[in-house]
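The basis for the numbers below is simple: all heavy atoms, side chains too, and nothing from hydrogens, waters or symmetry mates.
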Amino acid sequence: MPDNPRVREEMAARMRAFHKDVVEKIGRPEMLKVYCHALSNWVLNPNTDPYQIEMLFDEICLGAQQEGLDDWDA
């Protein structure tokens, strides 16, 4: 992906539209399974940069806290 903010914005919009469409078709619990499977495969891929993995995990944790889910480890 080129280092272009517009390309990144377009990709983010595509991801949001994809998410909305698939959730409407299969539901949130099934979509969560899809995301978990994809993330696990991405993390285990030897070509994935560990720094990027850490950044994504931090973003997920921050998002959970912002949604009031910071007690998810209980």
Side-chain angles (χ1 to χ4, degrees):
M1 175 183 311
D3 194 18
N4 178 332
R6 186 175 181 158
V7 171
R8 291 174 185 271
E9 289 170 11
E10 289 172 2
M11 180 57 74
R14 281 181 56 201
M15 291 174 71
R16 286 189 298 272
F18 170 79
H19 172 81
K20 183 177 184 285
D21 184 51
V22 175
V23 166
E24 287 173 359
K25 289 178 182 168
I26 67 172
R28 290 182 184 273
E30 293 303 313
M31 190 59 190
L32 182 57
K33 290 178 188 176
V34 170
Y35 285 143
C36 287
H37 182 74
L39 283 169
S40 293
N41 286 342
W42 180 72
V43 167
L44 294 173
N45 183 328
N47 295 315
T48 303
D49 182 348
Y51 176 73
Q52 297 297 326
I53 296 168
E54 249 184 277
M55 284 183 51
L56 179 59
F57 186 68
D58 289 347
E59 283 296 319
I60 292 169
C61 291
L62 179 62
Q65 289 173 355
Q66 290 174 344
E67 293 295 322
L69 303 174
D70 51 350
D71 59 345
W72 55 276
D73 63 339

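Counting all heavy atoms, side chain and backbone alike, I26 lies closest to M31 at CD1-N, 3.8 Å.
The salt bridge (charged side-chain N to carboxylate O under 4.0 Å, His left out) pairs that include a residue from residues 32-45 are E30-K33, where partners are two or more places apart or lie in different chains. Judged as a salt bridge (charged side-chain N to carboxylate O under 4.0 Å, His left out), not a single pair has a partner in residues 48-65 (not counting sequence neighbours).
Partners of R28 by side chain to side chain donor-acceptor pair (under 3.5 Å), not counting sequence neighbours: none found. For the side chain to side chain donor-acceptor pair (under 3.5 Å) test, no residue two or more places apart in sequence or in another chain qualifies with E9. For the ring pair (Phe, Tyr, Trp, His ring centres under 6.0 Å) test, residues two or more places apart in sequence or in another chain that qualify with Y35 are H19. By the side-chain contact (heavy atoms from CB on, under 4.5 Å) test, R6 is found to be paired with N4, E10, residues two or more places apart in sequence or in another chain being considered.
By the 4.5 Å heavy-atom criterion applied to side chains, L62 and Q65 are counted as neighbours.
Linking ILVMFWY residues whenever their side-chain heavy atoms come closer than 4.5 Å, directly or via other members, places F18 and V23 in the same cluster. Under the 4.5 Å side-chain heavy-atom criterion for grouping Ile, Leu, Val, Met, Phe, Trp and Tyr, M55 is not connected to I53 through any hydrophobic cluster.
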Run the numbers on L56 and W42 for side-chain contact (heavy atoms from CB on, under 4.5 Å), then give the verdict. CA-CA 11 Å; L56 179 59; W42 180 72; 3.6 Å; yes

